[in-house]
There are 2 protein chains.
Amino acid sequence: MINDINIWLERLTSLYNSQVRHAANTEGIRPVHAEILQYLSICNRYSNTAQALSEYLGQTKGSISQSVQLLEKDGLIERRQCSEDKRVTRLFLTPKAQAIAERIGKVLMPNLGEAKEANNALKSLLMDWQLTNQHKGFGQCQTCRYNSLLSDGTFQCGLTGESLSSDEVKLLCREHEFQVRS
Amino acid sequence: MINDINIWLERLTSLYNSQVRHAANTEGIRPVHAEILQYLSICNRYSNTAQALSEYLGQTKGSISQSVQLLEKDGLIERRQCSEDKRVTRLFLTPKAQAIAERIGKVLMPNLGEAKEANNALKSLLMDWQLTNQHKGFGQCQTCRYNSLLSDGTFQCGLTGESLSSDEVKLLCREHEFQVRS
DNA sequence: GAATATAGTTTAGAGTCTAAACTATATTTA
DNA sequence: TAAATATAGTTTAGACTCTAAACTATATTC
């Protein structure tokens, strides 16, 4: 009845959440603020909005809106209206917040090894889960079906047509879609 | 700089939290209440206390205490003082709560496959992480250094001396310790 | 140009969270 | 064995979070 793999996942998650709480405490901020800073430090330039945060964290946009206001008041986030779509406000970490995010990252992203099998296992777990739940989005461009490697060594996003550096394709994108499996 | 495996873990976790929130919403309860019911449905008989919940979820015992009170008021949890140690109150799910936990489990514990590699990958990830953070506890007895298989096919816990069924060794224990690697 | 969709804000009210002080029981130490 | 300390849990006050729903503003579709 109880599937071992799900128990590992359950525990891994509760441990992760525990660490977020602890790291936030150390920095003197709320856990949800730590999550927001963490997300903004690993998302790409298409994905740094309140709407994306709401989708990523699974909270209502009202809640995100309030948290972002507090973070702005504390000098951790800077908001800039998007010139192409004036409904959109893009969020940026201030240097102070970047330093915090980096310290939090050290706690949340310890060197867990580069093991190929673990990497593949987590990836296929995530694919399965996102597919069965019709959850779309949020993955690194380098694993996205719309990403292609150009002959000059740079990458290109098939959705926006823009070119991406090798650093950029490691960031999280809200438009991300896995390759459909045959 | 950004390690791929950590990004998968990060996303897996946010997705899991998202699902908890969603499942809780569907059941008309708070996310943290869902987590408490979920934990109590997979922990063993040594681990169903407020203290264990506090350690597992990484929250203060004051916070857990309040949540447990609300759950009791809603008829989802029953509290019984432990006769061996009267400081301890053991927590039990009511039938109503068991039904909820089962439905939540279906969402949080989809059939993610039994793949041996994924299983091993998650396990070693968790071991590494718990070790580097000096986090002890919370794992299935079947992977615990104190657990041994008796000749009659049952199991025995080396800490309590009690014997455990093959169902029981699949539950989470707060005293869990991995085998120390040589 | 009107209808609809999308991004984000605001509000009220219920609830969560923490630290710290507290009660009660158990264990250790002198 | 009595005193000191440790452990399990409760209570309190106050700051903060969360959601739903109504709202503004801009963009897209028909």
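In what follows, every heavy atom counts, from backbone to side chain, and hydrogens, waters and symmetry copies are set aside. So you know, we letter chains A, B, ... as the sequences are listed, proteins then strands, and number each from 1. Note that this is a predicted model, so its numbers are computed, not measured.
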Quick check for you: among [options], whose closest atom lies nearest to any side-chain atom of [X]?
X	options	answer
Lys86(B)	dT10(C), dA26(C), dA8(D)	dA26(C)
Ala50(B)	dT10(C), dA5(C), dG9(D)	dG9(D)
Val88(B)	dG9(D), dT25(C), dC18(D)	dG9(D)
Asn25(B)	dA8(D), dA20(D), dC17(C)	dA20(D)
Ser67(B)	dA8(D), dT10(D), dC17(C)	dC17(C)

Just N and O in the side chain of His33(A): are any of them under 4.0 Å from OP1 or OP2 of dC16(D)?
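No.
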Between Gln69(A) and dT10(C), is there a contact of a side-chain N or O with OP1 or OP2 at under 4.0 Å?
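For dT10(C), OP1 or OP2 has a side-chain N or O of Gln69(A) closer than 4.0 Å.
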Validate the cation-pi geometry between Arg174(A) and Tyr56(A): distance from NZ or CZ to the six-membered ring centre under 6.0 Å, angle to the ring axis within 45°.
no
Flag this pair as yes if the NZ/CZ of Arg80(B) is under 6.0 angstrom from the six-membered ring centre of Phe92(B) and inside a 45 degree cone about the axis; otherwise no.
yes
[X] near the nucleic acid: base, sugar-phosphate alone, or nothing, with a heavy-atom cut-off under 4.0 Å?
X	result
Gln66(B)	base
Ile64(B)	nothing
Arg90(A)	nothing
Arg79(A)	sugar-phosphate
Val32(A)	sugar-phosphate
Thr89(B)	sugar-phosphate
Lys61(B)	base

I need the [atom1]-[atom2] distance between [X] and [N], as an integer number of Å.
X	N	atom1	atom2	result
Gln51(B)	dT25(C)	CD	P	18 Å
Ile36(B)	dT16(C)	CD1	C1'	11 Å
Arg87(A)	dT26(D)	CZ	P	10 Å
Tyr46(A)	dA7(C)	OH	P	17 Å
Asp85(B)	dA8(D)	CG	C1'	8 Å
Glu84(A)	dA7(C)	CD	P	14 Å
Glu35(A)	dC17(C)	CD	P	12 Å
Leu53(A)	dT17(D)	CG	C1'	15 Å

For Glu102(B), is the CD atom crowded, meaning more than 12 foreign heavy atoms sit under 6.0 Å from it?
no
Lys/Arg-Asp/Glu bridge criterion (N-O < 4.0 Å) met for Arg45(B), Glu162(B)
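A salt bridge is present here (some side-chain N lies under 4.0 Å from a carboxylate O).
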Taking 4.0 angstrom as the limit, do Glu168(A) and Lys170(A) come out as a salt bridge?
no
Determine whether Leu53(A) and Leu91(A) make a side-chain contact, defined as any pair of heavy atoms from C-beta on separated by less than 4.5 Å.
yes
So which nucleotide does dC23(D) pair with, by the Watson-Crick or G-U wobble rule with both distances under 3.5 Å?
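Per the H-bond distance test, dG8(C).
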So which one's nearest nucleotide on DNA chain C is more toward 5', Thr49(A) or Arg30(A)?
Thr49(A)
